[in-house]
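Position 1 is the first residue of the sequence, and the numbers go up from there.
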Amino acid sequence: MGTSTQRSTDVEVVVIGAGMSGMYMLHRLRDVLGMSVRVYERGDGLGGTWYWNRYPGARCDSESHIYSFSFSDELQHEWEFSTTYPDQSEILDYLNYVADKFDLRRDIVFGTAVAGAHFDDSAATWTVTTDTGEAVTARFLISAVGCLSSKNVPDFAGLDTFEGDWYHSGSWPHDGVDFTGRRVGIIGTGATAIQIIPSIAADTEHLTVFQRTPNYSVPAENPRLSPQTWREFQQHNDAIRARTHQTYACFTFDVDFRLRLRGTPENLEFAPEIDGRSALDVDEDERKRQYEKDWDQGGIKFVFGSAFNDLLINKDSNDTAAEFVRDKIREIVHDPDTAEQLCPTDHPIGTKRPPVDTLGYYETFNRDNVSLVDVKRNPIAEITPSGLRLSDGTEHSFDTLVFATGFDAMTGSLTGMDIRGTGGQTLAQKWQDGPRSYLGLAHVGFPNFFTITGPGSPSVLSNMLVSIEQHVEWIAGCLGYLAEHGYDRIEPTAEAEDAWVRHANEVADSTLLPAAASWWRGANISGKPLGLMPYAGGAAAYREHCDRIAAGDYEGFTLTSTAERTRA
Ligand code: NA7
């Protein structure tokens, strides 16, 4: 594009983060629009989530033929994944291949974290500073920091006295950890721990799992993909990819629930449309047969592609699926007390991120060297030099401690930087009562700033890569439009942002999702305001709405040029 904006700033765009979203953003802006772009990445390599999360068992829960970039036919023909749910190292190899193919590294500054970014209202530019002392000006600032990159290590007293080694899943050593013959403690039973526990149990002398809240895990069934299967995906690729744009969560299966969005950005109307049948429309035998079939097929589909249309909106229906999984746990786990402890009862199934297990999570608790400790009734009081002590004084000893305790999701990485918009307001100040945004993409008071898969967009309620591509393409389309029309400043209107926040809350409240103390709602971080952060209206409805806004000359945004502002 080579726009006039380049003359007044060091680069046209700064992108924060070189995970999947930052990589594609760079390609789209630099190689398609011809803009000058600098990407800052705190890691020494690219890949984001797949660079940091190298823990044993780390793998993807979305199917690889749709958890891979779709923007290049050539790329899609060149790369084949070995399994439906590939492991971390294979995904990272893929991302490095993409970076080589599109020559991305030359515009990425590695080992450099963005410390702050301040908006200069008179020039309508951002000044971005880094932890290595760099300062660069840019017209546009794009966050590609990912939803799960600010790790949560609970503030346990005594952690500094622990004499063994400890690790958090989200910054795992590159040369791995040898658990052979070691006594290991792991805190957490979320999606991450459910991948780690079966992967390391056999190596350890003893593995103690400290569980606060049990989770519903469904076996992944992770078939190897033969060249023949991969060829079939490629034959039908256009239709498969198109389908991922039409479903609630960007998979090829769907939830039979659609939202129609109408009206103006300031006055949004929506109507839910539900097809199919309720879990309560059929008798118990038929329901059970269906759940058995879904369980055997495995994966996230159990919830987000159920044959029943109301698991996420009707508690009575949801109870039938939840009880089916609890019965499975009771069948698999031999010791009845352990089985009961592993049965979730405090939240409906699907209201926390559904974990998926490849190596037999529940089966692992039948091993003699694995024990389960309830830290809800009897919380961890402190870490000791040799392990940890519970509130009732019970001591547990181990050599290695693993924190699978999650992340300050969706907002933590953003508010952790000193991002200041008009009037010097920080993003942390703007979001003190919870994140507010227009479409999860843009923010009143923060002109020329975009957040890829930000709070308020479907993001973590969908196959992330499809949502990333949608946001990257929308942002690139927007920057292209601004250049074409001579605009160099864009900001949502307060009315449009308010209406979006109101709408997102209304939609969330029409589902069961607020019923769990989930990281989706910020409930895992003490003091964080509660509210469903991802948009629950479905990615298909969201995509249509974003497209309509773009086609309507960016409705709900104020667009101006330097000349207009000078005259005013
Ligand atoms: P999650 O899903 O946030 O799980 C974290 C786990 O750690 C969960 O079981 C928590 O229990 C537990 N936890 C957190 N703090 C504590 C303390 N202080 N004491 C005991 N237990 C604690 O993170 P994951 O890394 O598993 O998954 C994050 C996402 O990554 C995942 O959903 C995928 O999208 C990929 P709680 O449930 O809060 O009681």
When rounded to the nearest 0.5 angstrom, what distance separates [atom1] in [X] from [atom2] in [Y]?
| X | Y | atom1 | atom2 | result |
| --- | --- | --- | --- | --- |
| F449 | I490 | CZ | CD1 | 13.5 Å |
| T345 | R326 | OG1 | CZ | 7.0 Å |
| I468 | Y24 | CD1 | OH | 11.5 Å |
| N237 | S70 | CG | OG | 7.5 Å |
| L342 | K328 | CG | NZ | 16.0 Å |
| T252 | H236 | OG1 | NE2 | 12.5 Å |

Is the closest side-chain heavy-atom distance between [X] and [Y] below 4.5 Å?
| X | Y | answer |
| --- | --- | --- |
| R212 | I187 | no |
| C147 | M464 | yes |
| T426 | D418 | yes |
| I349 | L311 | no |
| F407 | S150 | no |
| Q88 | N53 | no |
| F251 | I66 | yes |
| K528 | T411 | yes |

Between [X] and [Y]: side-chain donor-acceptor atoms closer than 3.5 Å:
| X | Y | result |
| --- | --- | --- |
| Y55 | Q195 | yes |
| T130 | T112 | no |
| R38 | Y40 | yes |
| D87 | S89 | yes |

How are the rings of [X] and [Y] set to each other: parallel, tilted or perpendicular (split at 30° and 60°)?
| X | Y | value |
| --- | --- | --- |
| F324 | F302 | parallel |
| F450 | F140 | tilted |
| F102 | F71 | tilted |
| H503 | Y535 | tilted |
| Y542 | H471 | tilted |
| F446 | H443 | perpendicular |
| Y97 | W79 | tilted |

Considering all heavy atoms, the nearest [X]-[Y] contact:
| X | Y | value |
| --- | --- | --- |
| S437 | P455 | OG-O, 3.0 Å |
| G537 | Y248 | C-CE1, 3.9 Å |
| L225 | S64 | CD1-OG, 3.5 Å |
| P86 | R59 | O-CB, 3.1 Å |
| A220 | V356 | CB-CG1, 3.1 Å |
| G299 | Y85 | CA-OH, 4.1 Å |

Among residues two or more places apart or on two chains, list those pairs meeting side-chain hydrogen bond (donor to acceptor under 3.5 Å, both in side chains) that have a residue in residues 508-526.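 Sorted pair list comes back empty.
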Determine whether a donor-acceptor pair (N or O, by modelled atom type, separation under 3.5 Å) exists between the side chain of T351 and the backbone of H347.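 No; zero donor-acceptor contacts below 3.5 Å.
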Taking only residues at least two apart or on different chains, which pairs with a member in residues 345-357 satisfy salt bridge (Lys or Arg N to Asp or Glu O under 4.0 Å)?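 For residues 345-357, and leaving out neighbouring residues, the salt bridge (Lys or Arg N to Asp or Glu O under 4.0 Å) pairs sorted by first residue read D61-R353.
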Look at [X] together with [Y] and state whether they make a salt bridge at an N to O cut-off of under 4.0 Å.
| X | Y | answer |
| --- | --- | --- |
| R543 | D547 | no |
| K301 | E221 | no |
| E544 | R258 | yes |

Assess the residue pair L46 and N96 against the criterion (side-chain contact (heavy atoms from CB on, under 4.5 Å)); give the C-alpha distance rounded to whole Å, side-chain angles, the decisive distance to 0.1 Å, and a yes or no. CA-CA 7 Å; L46 48 78; N96 277 297; 3.5 Å; yes
Step by step, would you call V303 with Y216 a side-chain contact (heavy atoms from CB on, under 4.5 Å)? CA-CA 10 Å; V303 176; Y216 304 89; over 6 Å; no
Check the surroundings of atom CG in D316: do more than 12 heavy atoms from other residues, nucleotides or ligands lie under 6.0 Å from it?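 Result for CG/D316: enclosed.
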